[in-house]
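A short worksheet on the structure shown next.
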Amino acid sequence: MRIRFGYVAMSTLLKDCSPSHTVTLGNLTKIESINDQRKRLATLARMNIASTTRLFHHNRAYDIKVFRLTSKLIPLATHPLLQDWDWPRELGADFRNLGSLAVRDGLRISAHPDHFTLLNSPREEVVQAAVKDLIYHDGIFSCMGLESAAKLVIHVGGSYKDKDNSLVRFIENFRKLPTPIKARIMLENDDKSYSAAEVLALCQQLKVPMVLDIHHHWCLNRVEDIADLLPAIFATWDEEIVPPKVHISSPRDDKNIRAHADYIDPVFLLDFLNIARGLDRDFDVMCEAKAKDAALFRLLDDLKNEKGLAFADQATIEI
DNA sequence: ACCTGTCAAGTCTGG
DNA sequence: CCAGACTTGACAGGT
């Protein structure tokens with residue numbers, strides 16, 4: 001049973017390696033010609049792709065096989081004013097090169113459209129923006145040549161004081177999505193509205209894989225025991241070619257339990273490993289800590305001192 | 001070189 | 001009912 005570890009989007013160790021360079025709309029529109037505006041955007045996107053390329057090399061050097069791309073690779077990509085910018089044409093070759101590196105290295109790639117991507121909003125314009133955002137993310141993966149194993153993790157959304165109808169709206173809007181987008185989506189339990197048991201039921205209904213977030217479950221659960229849910233959560237991955245995925249992070253402090261701490265307390269993971277051990281199934285762990293790769297390396301160091309944990313490589317444990 | 005406010009997104013709380 | 005909190009990394013402009 002192998003457990004691979006990864007981190008999110010950027011490195012706190014590599015210098016001058018932001019994959020999220022951007023520009024504000026106000027500053028962009030100070031550039032007079034539309035053509036020059038797009039040149040500026042493309043330049044920033046290429047800087048971001050170059051940083052991400054460095055991150056891939058960094059990952060390879062440390063055997064890291066699980067990585068989430070930033071959603072900000074292309075500045076203002078989903079902004080209404082840039083609707084008709086054909087960025088895949090301009091940046092396609094750059095993304096293809098980036099994607100071929102990921103494929104060569106066996107790097108599992110994902111992305112996480114942010115909290116404002118809401119498929120279940122009662123406001124039609126919000127749903128439309130969410131669909132646009134999903135299409136943007138899918139476009140990047142497609143340009144990179146990544147199949148549907150490269151997935152997009154999203155939350156169910158808001159509760160809008162009526163969870164039953166909010167769930168119905170999610171189901172309806174999900175079913176309307178283009179098939180290739182549906183094939184990329186995985187759903188995650190959140191820390192305020194939709195618990196692991198609720199998301200699991202939804203995933204089973206829609207035949208979508210579920211990402212379990214251990215920290216969120218700790219913040220919000222309806223007297224659910226994760227040991228009872230885990231076999232079914234992992235089973236949502238049975239038809240996938242990639243193993244189940246779990247998110248881990250630690251609460252920032254007693255006052256801000258939902259916020260993410262800089263580092264990860266290994267206790268959270270060790271408790272989970274004791275539950276998962278019985279299932280004897282490979283899975284991947286995404287570390288969501290403010291210190292990013294530095295937090296991952298510290299967690300791996302902490303795990304090295306645990307009895308019964310052997311390392312298959314620098315970032316994979318074997319039980 | 002550093003510091004502070006702003007951006008960009010939508011929901012939800014509280015006054 | 002609207003202003004502010006929430007979240008995040010980086011820009012933008014000032015010292």
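Cation-pi geometry between A:K245 and A:F283 is not satisfied (NZ or CZ under 6.0 Å from the ring centre, within 45° of the ring normal). Geometric assessment of A:R169 against the ring of A:Y160 yields a positive cation-pi assignment under the 6.0 Å and 45° thresholds.
Taking atom NE2 of A:H115 as the reference point, atom C1' of B:dA9 lies 10 Å away to the nearest angstrom. Regarding A:H155, its NE2 atom lies at a distance of 14 Å from the C1' atom of B:dG10, rounded to whole Å. The distance between atom CZ of A:R123 and atom C1' of B:dG10, rounded to the nearest whole Å, is 7 Å. Rounded to whole Å, the distance from CG on A:L69 to C1' on C:dT8 is 17 Å. For the pair A:L25 CG and C:dA12 C1', the computed distance is 14 Å after rounding to whole Å. Spacing between atom CG of A:D133 and atom C1' of B:dA9 amounts to 9 Å, rounded to whole angstrom units. Between A:I257 atom CD1 and C:dT7 atom C1' the separation is 16 Å, expressed in whole Å. Between the CD atom of A:E124 and the P atom of B:dG10 there is a distance of 13 Å, rounded to whole Å.
Considering only side-chain atoms of A:T24, the nucleotide from C:dT7, B:dA8, B:dT11 that sits closest is B:dA8. If you check B:dA8, B:dT11, C:dC11 against the side chain of A:S121, the one that comes closest is B:dT11. Distances were taken from every side-chain heavy atom of A:M10 (C-beta onward) to each of C:dC11, B:dC12, C:dG9; the shortest belongs to C:dG9. Nearest nucleotide to the side chain of A:T22, out of B:dG10, C:dA10, B:dA8: C:dA10. The side chain of A:F116 lies closest to B:dA9, out of B:dT11, B:dA9, C:dG13.
Side-chain N/O atoms of A:K72 include none lying less than 4.0 angstrom from OP1 or OP2 on C:dT8. Proximity of A:S18 to the phosphate of C:dA10: a side-chain N or O atom is located under 4.0 Å from OP1 or OP2. One finds no side-chain N or O of A:N27 lying less than 4.0 angstrom from the OP1 or OP2 phosphate oxygen of C:dC11. A close approach under 4.0 Å does not occur between any side-chain nitrogen or oxygen of A:S20 and OP1 or OP2 of C:dA10. Between C:dG13 and A:K30, a contact under 4.0 Å exists linking OP1 or OP2 to a side-chain N or O. A sub-4.0 Å separation between OP1 or OP2 of C:dG9 and a side-chain N or O of A:K292 is present.
Minimum interatomic distance between A:F234 and A:P244 (heavy atoms only, all atoms of both residues): CD1-CB, 3.5 Å.
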Using the rule given for ring-ring contact (aromatic ring centres under 6.0 Å, His included), can you reason through A:H247 versus A:H217, listing the C-alpha separation, both sets of side-chain angles and the distance that settles it, and then say yes or no?
CA-CA 10 Å; A:H247 289 173; A:H217 177 72; over 10 Å; no
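Using a 4.0 Å heavy-atom criterion, one finds that A:T117 contacts no nucleic acid atom at all. Nucleic acid contact for A:T78: none, since no nucleic acid atom lies under 4.0 Å from a heavy atom of the residue.
In this structure, A:H155 and A:H112 have tilted ring planes: the angle between them lies in the 30° to 60° band.
Ion pair A:R2/A:D282 not flagged as a salt bridge, since none of the NZ, NE, NH1 or NH2 atoms sits closer than 4.0 Å to an Asp/Glu carboxylate oxygen.
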